[in-house]
Amino acid sequence: MISGSKIRIERWGRALMAALVMGVFSTSSAWAFDLAELMGLLAQQKSGEARFTEQRFVRGLEGPLDASGVLSFTAPDRLTRRTLSPRPETMSVEGNTLTLSRSGRTRTLALDSMPELLGMVEAMRGTLSGNAQGLQRHFRSTLSGSAGGWSLDLQPIDPRLAAQVRSMRLSGRGGEVLGIDMEFIGGDRSVMTITPERGTGAASAATPARSAP
């Protein structure tokens, strides 16, 4: 026969276990990685430089179109893409001014006149600067993962942009943006891999240690 005290101890043990389990789930929820936390990590970096490689998959063409070069960013809104291969060219954006340079010739345009570039630039500038409000003016965003490895899915809101760009996915770790995947209306796709230059202040923020509340 089981004594009453033993039954009480077993019940107390089960209640304690349930409380611990609920505490674990409550803590996990409190520590959920959200957009505000990601933007905080990214905003720590005011400038940076990174190498990139890009593959552009175009309907009707066999095999991808490859490109590589250097990306640089200076907060709040200056972004430069310097392509080294297959041919040298530079695209620089500051505010709404887009400057294209190729073969010694330079052309200046309004960024918002080119929806495809507007999508790429605003997604990158909003993310690199940690500007959630600016990002959400142009996209609906869904964040998944954790500070150790995250993906930010963006759906265009502006009709002109949505007519060109189906979706974007930025991926990274901590305060680093490491990849950009763009899908275009019509089936084309661009996949960019980004490698931050260490020691240059490139989009690289240390992931803060968590402590129990």
Side-chain angles (χ1 to χ4, degrees), residues 34-36 38-39 42-43 47-48 50 52-61 64-83 86-103 105-144 150-172 177-194 203:
D34 59 19
L35 186 63
L38 173 60
M39 293 294 107
L42 292 160
S47 65
F52 76 86
T53 58
E54 181 183 35
Q55 289 189 312
R56 179 73 178 260
F57 300 88
V58 180
R59 289 187 65 183
L61 293 182
L65 301 175
D66 296 326
S68 62
V70 177
L71 296 171
S72 60
F73 174 75
T74 302
D77 63 1
R78 183 174 179 81
L79 178 66
T80 300
R81 169 181 164 139
R82 184 161 57 94
T83 302
R87 60 180 181 272
E89 61 182 33
T90 300
M91 180 186 77
S92 181
V93 181
E94 188 166 8
N96 191 46
T97 301
L98 169 68
T99 303
L100 299 171
S101 300
R102 181 191 300 171
S103 303
R105 301 167 65 180
T106 298
R107 185 182 181 190
T108 300
L109 302 166
L111 177 62
D112 57 12
S113 69
M114 305 180 70
E116 180 178 326
L117 286 177
L118 174 67
M120 181 185 73
V121 170
E122 292 300 350
M124 291 185 67
R125 287 198 303 197
T127 304
L128 289 172
S129 63
N131 183 358
Q133 290 184 341
L135 190 67
Q136 292 177 328
R137 278 200 299 269
H138 299 277
F139 302 94
R140 288 187 296 271
S141 61
T142 303
L143 178 65
S144 59
W150 51 264
S151 293
L152 181 62
D153 290 299
L154 303 175
Q155 296 289 331
I157 296 173
D158 182 87
R160 292 183 310 155
L161 181 55
Q164 299 286 335
V165 179
R166 186 181 304 279
S167 65
M168 299 183 66
R169 169 173 285 188
L170 287 84
S171 56
V177 177
L178 302 177
I180 303 174
D181 191 331
M182 297 180 64
E183 292 190 13
F184 302 95
I185 301 298
D188 292 359
R189 184 183 176 204
S190 170
V191 180
M192 180 182 291
T193 300
I194 299 172

Exercise. Is the number of heavy atoms from other residues, nucleotides or ligands within 6.0 Å of CZ (Arg169) greater than 12?
Worked result: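 Incorrect, the count does not exceed 12.
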Determine the minimum heavy-atom distance between [X] and [Y], stating which atoms define it.
| X | Y | answer |
| --- | --- | --- |
| Ile194 | Ala50 | CG2-CB, 3.5 Å |
| Phe57 | Val191 | CE1-CG2, 4.1 Å |
| Asp77 | Gly95 | OD2-N, 3.2 Å |
| Pro156 | Arg140 | O-NH2, 4.3 Å |
| Met168 | Ala123 | CE-CB, 3.5 Å |
| Met39 | Ala132 | CG-CB, 3.7 Å |

For this session: Mark yes or no: Arg59 above the aromatic ring of Phe184, with NZ or CZ under 6.0 Å from the six-membered ring centre and no more than 45 degrees from the axis.
Result: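 The answer is no, since Arg59 fails at least one limit relative to Phe184.
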Rounded to the nearest 0.5 Å, how far does [atom2] of [Y] lie from [atom1] of [X]?
| X | Y | atom1 | atom2 | value |
| --- | --- | --- | --- | --- |
| Asp153 | Phe139 | CG | CZ | 12.0 Å |
| Thr127 | Leu38 | OG1 | CG | 7.5 Å |
| Ser171 | Leu152 | OG | CG | 10.0 Å |
| Glu122 | Leu154 | CD | CG | 11.5 Å |
| Thr106 | Leu100 | OG1 | CG | 9.0 Å |
| Met182 | Gln164 | CE | CD | 10.0 Å |

Counting only N and O atoms by type, is there a donor-acceptor contact under 3.5 Å from the side chain of [X] to the main-chain atoms of [Y]?
| X | Y | answer |
| --- | --- | --- |
| Ser113 | Ala110 | yes |
| Asp188 | Glu183 | no |
| Arg125 | Leu135 | no |
| Arg56 | Leu65 | no |
| Arg160 | Asp112 | yes |

So [Y] and [X], do their side chains get closer than 4.5 Å, heavy atoms only?
| X | Y | answer |
| --- | --- | --- |
| Ser190 | Gln55 | no |
| Met91 | Leu98 | yes |
| Asp181 | Arg189 | yes |
| Ser141 | Gln136 | yes |
| Met124 | Arg81 | no |
| Phe52 | Thr193 | no |

Problem set entry | Glu89 and Ser101: side chain donor to acceptor below 3.5 Å |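 No, no side-chain donor-acceptor pair sits under 3.5 Å.
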Problem set entry | Member of Leu111, Thr108, Val93, Thr80 meeting the side chain to side chain contact (heavy atoms under 4.5 Å, CB included) criterion with Thr99 |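 Result: among Leu111, Thr108, Val93, Thr80, Thr108 is the only option passing the side chain to side chain contact (heavy atoms under 4.5 Å, CB included) with Thr99.
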For this session: Dump the intermediate steps for side chain to side chain contact (heavy atoms under 4.5 Å, CB included) on Val177 and Leu128, then the final yes or no.
Result: CA-CA 7 Å; Val177 177; Leu128 289 172; 3.8 Å; yes
